[in-house]
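A short write-up of the structure that comes next.
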Amino acid sequence: MQNEPIKDIVIVGGGTAGWMTAAALSTVLNGRYNIRLVESDEIGIVGVGEATIPMIQRFNRVVGIDENEFMRETMGSFKLGVEFVNWGKLGDRYMHGFGRLGQDLATVPFDQYWQKMRRLGKAAPLEEYSITRMAAKANRFMPARRDLPNSPLGDITYAYHFDASLYAKYLRKLSVARGVTRIEGKITRATRREPDGHVDAVELEDGTRVEGELFIDCSGFRGLLIEQTLETGYEDWHHWLPADRALAVPCESAAALTPYTRATAHKSGWQWRIPLQHRTGNGHVYCSRFISDDEAAATLLANLDGKALADPRLIKFRTGMRKLAWNRNVVAVGLASGFLEPIESTSIHLIQSTIQRLVDFFPDRGFSPVDRDEFNRQTRFEYERIRDFIILHYHLNQRTDSEYWKECAHMAIPDTLRRKMDMYRSHGRVVRVDNELFSEVGWIQVFEGQNMPIDGYHPLADTQSESDIAEYMESVREVIGKCVGVMPSHDDYIARTCAAKKM
Ligand SMILES: Cc1cc2nc3c(=O)[nH]c(=O)nc-3n(C[C@H](O)[C@H](O)[C@H](O)COP(=O)(O)OP(=O)(O)OC[C@H]3O[C@@H](n4cnc5c(N)ncnc54)[C@H](O)[C@@H]3O)c2cc1C
């Protein structure tokens, strides 16, 4: 029997998670539900999520955001991948570029032919077969030319860098215009009803009581409802991902705006560099067992493009996930549901995919346990697979200059990651399981970029003659080179389409 629809939705928190949820639900639910969002200016937001992955384009499309306006409003720049410096060995440099590697030739994927030719000493570096990697290296950018489907120019995959606080503000304006009611105030407690223990209201400092049927907890690390009220529990993964702190600082921009994030490994962590139109965002993610906050700050400040624009801000975190992202009538989104460190810029994507899942399993007043369980199963799967990919970056290193990296190289890893590594070592194969986020191409670039030794390649790569493969690979490389040559510089593209007003 169909239950009654719920009417009142309360979103707790107005960071990136809260306002993305408000924007999406106010669009998708078509004005049929009463959506209220409670946030506290006094508490503020984390405000450091600045790099994204390509799926965010889909989110922006669904909520009806115009790309150029969005880029102007958030001081955005384009992102073609992440450059990793010093991750395999000191001095190594590679990029995890978005999009495809090469072009399919015959029976097996392009990278298998590359593996074969590499053994013969006849392959160029892997990056030369990727348009995004070569464009990033040359500081060039343009979106895909959909009118050229057979050219690498028709296949440019990208994401964005943006100022997270401005993104939240932009989404807030949009959501309020679509009927979301914003309530400013500090929540002091949540109340629960009998007999099912559902949260029925949150109470604010000024005595206001905000009642609801579905609560979406976007309150950040504190997990005001999911943890402080429902005591859901947290699964801690710091034994696999030991970094537990970050220091963030903006600095003046470098001369040219680079269309990629940079992640530079230091002795006890790594540093991000995210170029925006008005400044560069930087942060040092590190493990407090190996380095003090002062030393971490000194390392960060010694590796900036320009003058620091503020004092470094300390953020403490615990990598892991909430045991249930959906508990009773509370769905946790964003940092309230868990945290995976930002090396592959996955947190905002996790917000997006959780919202999508909430829409897929949107409840009525019956709050079906079957739907809730499936939501939780899918959330766990997604988190665990991303976790494995992130652990790979740490575990697959050959650095001998620091205890931290040595510990990472020798730590026990999850069985699911072990299987992926064994499979790659055997014949360079990557099997993408179900809907896991990172594709074969993502894994291959990290395996290769961090020097994973492999025993062999796909036997069917030998069904094509060496000369045919060589000729084909060379033509792919040449075409990519020519295509990059006609792309505008990243700076020029932004100046022409989406330059923000000078601040
Ligand atoms: C070091 C670091 C780097 C990161 N880098 C990236 C990145 O590059 N890419 C990426 O995708 N993600 C990144 N993230 C993650 C990203 O910052 C978050 O996913 C994103 O900002 C979402 O945060 P949130 O909205 O869940 O929480 P918050 O930003 O913490 O927002 C919480 C909200 O809850 C409200 N609130 C809390 N308590 C109360 C209360 N009692 N009463 C009323 N309101 C309350 C607050 O006022 C605020 O509005 C990074 C995170 C960290 C820690």
Side-chain angles (χ1 to χ4, degrees), residues 51 79-99 101-102 111 114-115 117-119 121 123-130 132-139 240-243 254 258-275 282-287 290-291 296 299-300 302-305 341-345 388-411 413 417 420-421 424-425 428 430 438 440-455 477:
K79 172 178 172 186
L80 294 166
V82 184
E83 182 187 44
F84 290 92
V85 182
N86 294 338
W87 283 79
K89 295 189 290 297
L90 265 180
D92 282 357
R93 191 178 278 267
Y94 75 97
M95 185 174 286
H96 170 191
F98 300 136
L101 278 177
D111 55 279
W114 178 80
Q115 290 288 7
M117 298 309 277
R118 182 172 64 157
R119 288 193 160 218
L126 192 57
E127 67 181 13
E128 297 191 18
Y129 304 96
S130 154
T132 51
R133 286 171 70 168
M134 295 311 281
K137 221 172 152 180
N139 269 356
W240 288 316
L241 292 166
T258 46
Y260 55 88
T261 305
R262 180 178 298 140
T264 305
H266 293 315
K267 274 209 148 137
S268 310
W270 64 277
Q271 180 163 339
W272 77 74
R273 173 187 177 279
I274 299 177
N282 310 277
H284 186 182
V285 175
Y286 56 97
C287 176
F290 291 86
I291 188 172
T299 303
L300 172 66
N303 289 283
L304 302 180
D305 283 349
E341 62 141 283
I343 186 68
E344 286 283 357
S345 320
D388 285 1
F389 188 52
I390 294 175
I391 296 172
L392 177 71
H393 294 65
Y394 284 92
H395 183 58
L396 184 57
N397 85 80
Q398 304 87 46
R399 288 183 55 155
T400 51
D401 60 307
S402 97
E403 289 311 308
Y404 177 64
W405 290 104
K406 284 194 234 167
E407 187 177 296
C408 291
H410 292 110
M411 71 186 168
I413 56 173
L417 174 57
K420 271 235 153 71
M421 293 183 73
Y424 196 75
R425 189 177 291 107
V430 176
F438 287 100
E440 294 83 344
V441 173
W443 285 85
I444 289 165
Q445 292 181 85
V446 178
F447 278 135
E448 290 302 324
Q450 297 191 199
N451 316 308
M452 175 84 171
I454 69 169
D455 298 336
R477 203 175 70 87

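Note: H266 and H284 have perpendicular aromatic rings, judged against thresholds of 30 and 60 degrees for the angle between ring planes. Ring geometry for Y394 against Y404 counts as perpendicular: the plane angle is over 60°, on a 0 to 90° scale with 30° as the lower cut. In this pair, H96 and F98 present their aromatic rings perpendicular. The plane angle is above 60°, beyond the 30 to 60° band. Relative orientation of the W272 and W270 rings is tilted, given thresholds of 30° and 60° on the angle between their planes.
In this structure a side-chain-to-backbone donor-acceptor pair under 3.5 Å is present from H410 to K406. The backbone N or O of M421 sits nowhere less than 3.5 Å from a side-chain atom of W443 that would complete a donor-acceptor pair. For Y260 (side chain) and R133 (main-chain N/O), no donor-acceptor pair under 3.5 Å exists by modelled atom type. Looking only at distances, a side-chain donor or acceptor of Q445 sits under 3.5 Å from a matching main-chain atom of V441.
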Please evaluate residues M95 and S130 with respect to the criterion side-chain contact (heavy atoms from CB on, under 4.5 Å), reporting the C-alpha separation (whole Å), side-chain torsions for both, the decisive distance (0.1 Å), and the verdict. CA-CA 10 Å; M95 185 174 286; S130 154; over 6 Å; no

Take I391 and M411 through the side-chain contact (heavy atoms from CB on, under 4.5 Å) test and state the conclusion after the steps. CA-CA 10 Å; I391 296 172; M411 71 186 168; 3.6 Å; yes

Where do E127 and E448 land on the side-chain contact (heavy atoms from CB on, under 4.5 Å) test, with the steps shown first? CA-CA 10 Å; E127 67 181 13; E448 290 302 324; over 6 Å; no

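The CZ atom of R93 sits 4.5 Å away from the CD atom of E83 when rounded to the nearest 0.5 Å. To the nearest 0.5 Å, the span separating CG on L80 from NZ on K137 amounts to 14.0 Å. Of the inter-residue distances, the one linking Y94 atom OH with L126 atom CG reads 11.5 Å to the nearest 0.5 angstrom. Between T400 atom OG1 and L90 atom CG the span is 7.5 Å, to the nearest 0.5 Å. If you take CE on M452 and OH on Y424, they are separated by 8.0 Å, rounding to the nearest 0.5 Å. Annotation: the span from D92 atom CG to R399 atom CZ amounts to 9.5 Å, rounded to 0.5 Å.
When all heavy atoms of G428 and D111 are compared, the closest pair comes out as O-OD2, 4.0 Å. The two atoms that bring C408 and N397 nearest to each other are CB-ND2, 4.0 Å, heavy atoms only. Scanning all heavy atoms of the two residues, the minimum distance from A263 to I343 falls at CB-CD1, 3.7 Å. In plain terms, the two heavy atoms of L396 and Q450 that are nearest each other are O-NE2, 2.8 Å. Heavy-atom minimum distance, N139 versus P259: OD1-CD, 3.3 Å. Shown here for P125 and W114, the closest heavy-atom pair between the two residues is C-NE1, 4.1 Å.
Residues T299 and K267 have side chains that never bring a donor and an acceptor to within less than 3.5 angstrom of each other.
Considering T258, N282, N303 in turn, T258 is the only one that fulfils the side-chain hydrogen bond (donor to acceptor under 3.5 Å, both in side chains) rule with R273.
Residues F447 and V430 meet the side-chain proximity criterion, which asks for heavy atoms closer than 4.5 Å. Two residues are said to be in side-chain contact when any heavy atoms from C-beta on lie closer than 4.5 Å; E407 and C287 fail this criterion.
Under the 4.0 Å criterion applied to side-chain N and carboxylate O atoms, D388 and K420 are not assigned as salt-bridge partners.
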